[in-house]
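Working notes, structure below.
Chain identifiers are assigned alphabetically (A, B, ...) following the order of the sequence lines, protein sequences preceding nucleic acid strands; residue numbering begins at 1 within each chain. Side-chain atoms are counted along with the backbone in the values below, which use heavy atoms only and exclude waters and symmetry mates.
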Number of protein chains: 2
Amino acid sequence: MNRYSKQTRLLLAIDCIIFGFDGNDIKLLLVKRSLEPEKGKWNLMGGFLRADENLKECANRVLKQLTGIEGVYLEQLRTFSKPDRDPVERTVSVSYFALIDINKYEKQLNHEYSAEWFLLAEKPKLIFDHDEMVKLAQKQLRYKASLHPILFELLPEKFTIPQLQGLYEGVYDTSFENRNFSRKVLSTGLLMKQKEKDKINSKKGAFFYKLDKKKYKANFQAFLNFIPNPDKFIM
Amino acid sequence: MNRYSKQTRLLLAIDCIIFGFDGNDIKLLLVKRSLEPEKGKWNLMGGFLRADENLKECANRVLKQLTGIEGVYLEQLRTFSKPDRDPVERTVSVSYFALIDINKYEKQLNHEYSAEWFLLAEKPKLIFDHDEMVKLAQKQLRYKASLHPILFELLPEKFTIPQLQGLYEGVYDTSFENRNFSRKVLSTGLLMKQKEKDKINSKKGAFFYKLDKKKYKANFQAFLNFIPNPDKFIM
DNA sequence: TCTATAAATGTGTTTTGTACATTTAAAAAC
DNA sequence: GTTTTTAAATGTACAAAACACATTTATAGA
């Protein structure tokens, strides 16, 4: 079959905005650019789309290659297409945002890869339009987390309710009333109480909970209305 | 500056899922494909990205060219990238979804362009992955409309509350209690009551309302929690 | 045994959602 | 001109959820 004639062909890339949570703050995983221009500067994890893969496969491949990470929460965000966004040549980039359990990958990242975690608040300036991508991803994180239980993706398998509350407070940069927070969280039916307690943060200790993954998948809507007055935060 | 070497270059296209509302049902605007393969079959409005434009400009250009429509609600949906989605050659397509006031363009569409409205429920099978795009757009329409007042984009400047309710009932394929619907709608503060009534649909007549556009923009969140139990509908 | 601390739970008030009922305006029929 | 019919508009009571604040509980360490 003939090709479409007289049309512009261009490069398509993906860039990943990867969020983690260290127990206190939201972090962002960045790498150093390996080629000119802007070589050595911090940027999002990215790569070009290959002939035989779709975008999601591409994002997973890049993630695996540059960090060893696989099987994490990955969601297409938006496609960025300003004609001059990459000075080398026309490249359109599809941004993906990822949520990972920071502890699970901490060691391998430091030893085997040149990726590095930054406090979101203290991230360096990034190349091209990557700052814009991060900004959008942050907005999307707040938006989505106000409607769906995605923040569990940032926590280890076992976590306590005070830890979960701290995460929400970090994401929304506010504080919640603990009585109401735990009531709401437990009313979703998504949490399974464990017998052990976490005694690191208090004398009394806080019970661990696990996410009920079946219910999580079947009931991804359970957090609708989770954040009080989400309009304060999400736009 | 050199180009990136050894990377695959490909075509980038946009496709628009255009929704309208005829007073009773949601409709979809389609065109006939003008080139082989699949020539003459119905498909979404689309076109290739040019060297000097970004995707949004491309979508607006295509819309203008094929329908004369401009200045309507247009939102990037998702980028579709299966390697073989277009049999001619590798083409990645960015889908956009648009909402328009059907009455505003009805005449020009029929006379000057070959575009045609279909009842969403009775749309023909579309080419490539366009059916999948429409499905996603429908989902997004419900999702977004449960949180933001976007459905006004489908109505004429003046509309009545019963008309608005009919629109919501069409989109969510359900019925709402009229007392509660009007209370909720009016409590957003987004509507301005007019002096005239619409007497087409009843003897008593229903008051026209206009959207307060300043408030609409400033308060795009006003519909958060608008749809009761949105989880029933949006996923 | 006492003290300090964070976790967990109790409870009253306010707000919002929901269901159902009634009243109102105006054209058309009588 | 009075009555009937119809959909629009409004009234209201009950239930559920959100919210604010208070109290109790478990446990390590003094």
Side-chain angles (χ1 to χ4, degrees), chain A residues 23-24 146-147 155 158-170 172 174-210 219 221-233, chain B residues 23-24 146-147 155 158-170 172 174-210 219 221-233:
Chain A
N24 289 300
S146 78
L147 300 166
L155 291 173
K158 290 178 188 175
F159 53 86
T160 67
I161 289 182
Q163 274 167 23
L164 184 64
Q165 183 172 342
L167 171 56
Y168 273 85
E169 293 180 336
Y172 292 98
T174 186
S175 64
F176 298 108
E177 217 284 308
N178 74 339
R179 179 69 184 104
N180 299 329
F181 184 88
S182 77
R183 197 203 323 272
K184 227 168 186 176
V185 132
L186 292 173
S187 77
T188 63
L190 258 47
L191 265 45
M192 300 184 300
K193 194 172 188 170
Q194 305 303 110
K195 284 183 182 147
E196 322 92 81
K197 282 183 166 184
D198 164 38
K199 298 214 176 145
I200 294 169
N201 295 302
S202 78
K203 291 164 186 171
K204 182 178 177 180
F207 281 104
F208 279 116
Y209 285 81
K210 277 188 185 177
N219 199 11
Q221 304 306 324
F223 273 39
L224 284 166
N225 295 346
F226 188 69
I227 299 296
N229 304 314
D231 49 320
K232 276 189 205 159
F233 303 109
Chain B
N24 289 300
S146 79
L147 300 166
L155 291 173
K158 288 178 191 178
F159 52 86
T160 68
I161 289 181
Q163 274 167 23
L164 184 65
Q165 183 172 341
L167 171 55
Y168 273 86
E169 293 179 339
Y172 292 99
T174 185
S175 64
F176 299 106
E177 216 286 307
N178 74 339
R179 179 70 186 104
N180 299 330
F181 184 89
S182 78
R183 197 203 324 271
K184 227 169 187 177
V185 131
L186 293 173
S187 77
T188 63
L190 257 47
L191 298 189
M192 300 184 300
K193 195 173 189 170
Q194 304 303 112
K195 285 185 180 143
E196 323 90 80
K197 282 182 166 185
D198 165 37
K199 297 214 176 145
I200 294 169
N201 297 303
S202 77
K203 291 164 186 171
K204 181 178 177 180
F207 281 103
F208 279 116
Y209 286 82
K210 276 188 185 176
N219 200 10
Q221 304 306 324
F223 273 38
L224 284 165
N225 295 346
F226 188 68
I227 299 296
N229 305 314
D231 49 318
K232 275 189 205 160
F233 304 109

* Closest nucleotide of DNA chain C for Glu177(B) versus for Tyr209(A): which of these residues is on the 5' side? ->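 Nearest nucleotide further toward 5': that of Tyr209(A).
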Suppose we call a contact any N or O donor and acceptor under 3.5 Å apart; does that hold for the side chain of [X] and the base of [N]?
{"X": "Arg183(B)", "N": "dT12(D)", "value": "yes"}
{"X": "Asn180(A)", "N": "dA20(D)", "value": "yes"}
{"X": "Arg179(A)", "N": "dG10(C)", "value": "yes"}

* Can you label the angle between the Tyr168(A) ring and the Tyr172(A) ring as parallel, tilted or perpendicular, going by 30° and 60°? =>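 Answer is parallel, since the angle falls under 30°.
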* **Straight-line distance of Phe159(B) CZ to Gln165(B) CD, nearest 0.5 Å** =>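 One finds 13.5 Å between CZ of Phe159(B) and CD of Gln165(B).
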* **Distance, nearest 0.5 Å, that separates CD1 of Ile161(B) from NZ of Lys184(B)** =>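 Going from the CD1 atom of Ile161(B) to the NZ atom of Lys184(B) covers 14.0 Å.
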* Report yes if the side chains of Phe181(A) and Val185(A) come closer than 4.5 Å at any heavy-atom pair, otherwise no. =>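 They are in side-chain contact.
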* Asked: Can you list every pair that meets side chain to side chain donor-acceptor pair (under 3.5 Å) and has a residue in residues 196-205 of chain B, with sequence neighbours left out?
  ->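 Of all non-adjacent pairs touching residues 196-205 of chain B, those that pass side chain to side chain donor-acceptor pair (under 3.5 Å) are Lys158(B)-Glu196(B), Gln163(B)-Asp198(B), Asp198(B)-Asn201(B).
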* Looking for any heavy atom pair under 4.0 Å, which part of the strands does Ser182(A) touch: base, sugar-phosphate only, or nothing? ->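 Answer is base: heavy atoms of Ser182(A) come under 4.0 Å of a base.
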Rounded to whole angstroms, how far apart are [atom1] on [X] and [atom2] on [N]?
{"X": "Asn178(A)", "N": "dA20(D)", "atom1": "CG", "atom2": "P", "result": "13 Å"}
{"X": "Phe176(A)", "N": "dC19(D)", "atom1": "CZ", "atom2": "P", "result": "10 Å"}
{"X": "Phe181(A)", "N": "dA20(D)", "atom1": "CZ", "atom2": "C1'", "result": "17 Å"}
{"X": "Leu164(A)", "N": "dA8(C)", "atom1": "CG", "atom2": "C1'", "result": "15 Å"}

* Asked: For DNA chain C, which residues in residues 197-205 of chain B have a heavy atom at a distance below 4.0 Å?
  ->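 Going residue by residue through residues 197-205 of chain B, the ones with a heavy atom under 4.0 Å of DNA chain C turn out to be Lys197(B), Lys199(B), Lys203(B), Lys204(B).
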* For Arg179(A), side-chain hydrogen bond (donor to acceptor under 3.5 Å, both in side chains) partners two or more places apart ->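 Here no residue qualifies.
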